[in-house]
Structure formats: C-alpha cells, structure tokens
Amino acid sequence: MRDCLFCQIAAKAVPATLVYEDADVVAFDDIQPQAPVHVLVVPRKHIPSLNDLAPGDEALAGKLLRVAASIARARGVDERGWRAVVNTNREGGQIVFHLHLHLLGGRPMFWPPG
C-alpha cells in the first residue's frame with residue numbers, strides 16, 4: 001500500500017536501519033526504542049493486523065517469530081530474555097496498521113505490561 005509507512009520502509013522508499021531482510025520479512029530498529037534492543041519485524045505483505053491474517057498466512061506469521069528469535073540471538077539478548085509483542089488495533093496499542101512484531105530486550109521486562 002502506497003500510504004503505509006511499513007510498506008514504504010520495506011520498499012526502501014523511507015529510510016530505516018535495517019537489521020534483516022529477505023523476500024518475506026523486513027526487520028528494522030524502532031525509531032522510538034522502549035528498550036536497549038527494540039526491533040520491529042514486519043511482513044513485506046501488507047496485513048493490517050493480526051485480525052487480518054488469512055488462511056495461508058500461517059507460515060508467514062511463524063516466520064516473524066523465527067526471525068525475531070534469530071535477531072534476539074544476534075543482539076545478545078536470547079539467553080537473558082526478551083519479549084515479542086504484537087499490538088492489535090487502537091485499544092491494543094497499535095499505531096501503524098501493518099502487522100508488526102516488537103522485539104524488546106536488554107532490560108528486565110515486567111508483568112503486567114500496562
């Protein structure tokens with residue numbers, strides 16, 4: 001989608017600090033990090049939210065998690081611990097309506113998240 005920020009980042013029309021990319025997924029540092037490690041992992045395919053996953057998107061959804069784990073390992077937070085967060089719709093905290101996973105690490109995480 002032309003007006004979607006994350007689609008534009010995936011297409012390299014908007015600059016971002018990419019940390020991973022392949023044919024299906026792009027990951028980049030969050031511009032307003034909430035932890036020492038804060039990476040967004042997004043599918044190249046425009047999917048507005050978790051509510052919009054379609055039959056056949058299961059492998060892509062799983063790949064987001066696998067890529068996040070790989071980045072956590074590369075950033076050195078895999079052993080200490082990290083968090084994967086997917087906000088869904090406005091009350092769930094979603095601001096950009098393109099499915100994305102927040103990889104957060106490098107500091108203690110607390111529960112409930114708030």
>> Apply salt bridge (Lys or Arg N to Asp or Glu O under 4.0 Å) to residues D57 and K45 and explain how you reach the verdict.
In response: CA-CA 10 Å; D57 287 334; K45 176 182 177 183; 2.7 Å; yes
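- The shortest heavy-atom contact between F110 and P108 is CE1-O, 3.7 Å.
- Among residues two or more places apart in sequence or in another chain, the side-chain contact (heavy atoms from CB on, under 4.5 Å) test is passed with D3 by M1.
- With sequence neighbours excluded, the residues forming a salt bridge (Lys or Arg N to Asp or Glu O under 4.0 Å) with K12 are E21, listed by chain and number.
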Identify each donor-acceptor pair in which a side-chain atom of residues 34-41 lies under 3.5 Å from a protein atom, sequence neighbours left out, and give them as a table.
{"residue": "Q34", "atom": "NE2", "partner": "Q32", "partner atom": "O", "Å": "3.0"}
{"residue": "H38", "atom": "ND1", "partner": "Q34", "partner atom": "N", "Å": "2.9"}
{"residue": "H38", "atom": "NE2", "partner": "D30", "partner atom": "OD2", "Å": "3.3"}
{"residue": "H38", "atom": "NE2", "partner": "H102", "partner atom": "ND1", "Å": "2.8"}

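- For P48, the side-chain contact (heavy atoms from CB on, under 4.5 Å) criterion is met by H46, D52, not counting sequence neighbours.
- Remark: D24 engages K63 in a salt bridge, criterion side-chain N to carboxylate O under 4.0 Å.
- With rounding to the nearest 0.5 angstrom, the OG atom of S49 is 11.5 Å from the NE2 atom of H98.
- The line from OG1 of T17 to CD1 of I31 is 10.0 Å long, rounded to the nearest 0.5 Å.
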> Is there a side-chain contact (heavy atoms from CB on, under 4.5 Å) between V42 and L64 once you walk through the steps?
Replying inline: CA-CA 7 Å; V42 307; L64 295 177; 5.7 Å; no
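- Residues I71 and V77 share a hydrophobic cluster, clusters being chains of Ile/Leu/Val/Met/Phe/Trp/Tyr side chains in contact below 4.5 Å.
- Connectivity analysis of hydrophobic side chains (ILVMFWY, heavy atoms under 4.5 Å, direct or indirect) links F97 to nothing; its cluster partners are none.
- V85 and Y20 fall into different hydrophobic clusters, where Ile, Leu, Val, Met, Phe, Trp and Tyr side chains are chained together by heavy-atom contacts under 4.5 Å.
- Between F6 and F28, the distance separating the two ring centers is shorter than 6.0 angstrom.
- Criterion: ILVMFWY side-chain heavy atoms under 4.5 Å apart, direct or through other members. Under it, L104 and V86 are not part of a common hydrophobic cluster.
- Closest approach of P43 to L99, counting heavy atoms only: CD-O, 3.2 Å.
- Residue pairs meeting the side chain to side chain donor-acceptor pair (under 3.5 Å) criterion with at least one partner in residues 70-94, sequence neighbours excluded, are D29-R75.
- Side-chain heavy atoms closer than 4.5 Å link hydrophobic residues (I, L, V, M, F, W, Y) into clusters, and following such links, possibly through other members, connects V26 to L5.
- Note: the hydrophobic cluster containing M109 does not contain L103 (ILVMFWY, side chain heavy atoms under 4.5 Å, direct or indirect links).
- Between atom CD1 of residue I47 and atom SG of residue C4 there is a gap of 11.0 Å, rounded to the nearest 0.5 Å.
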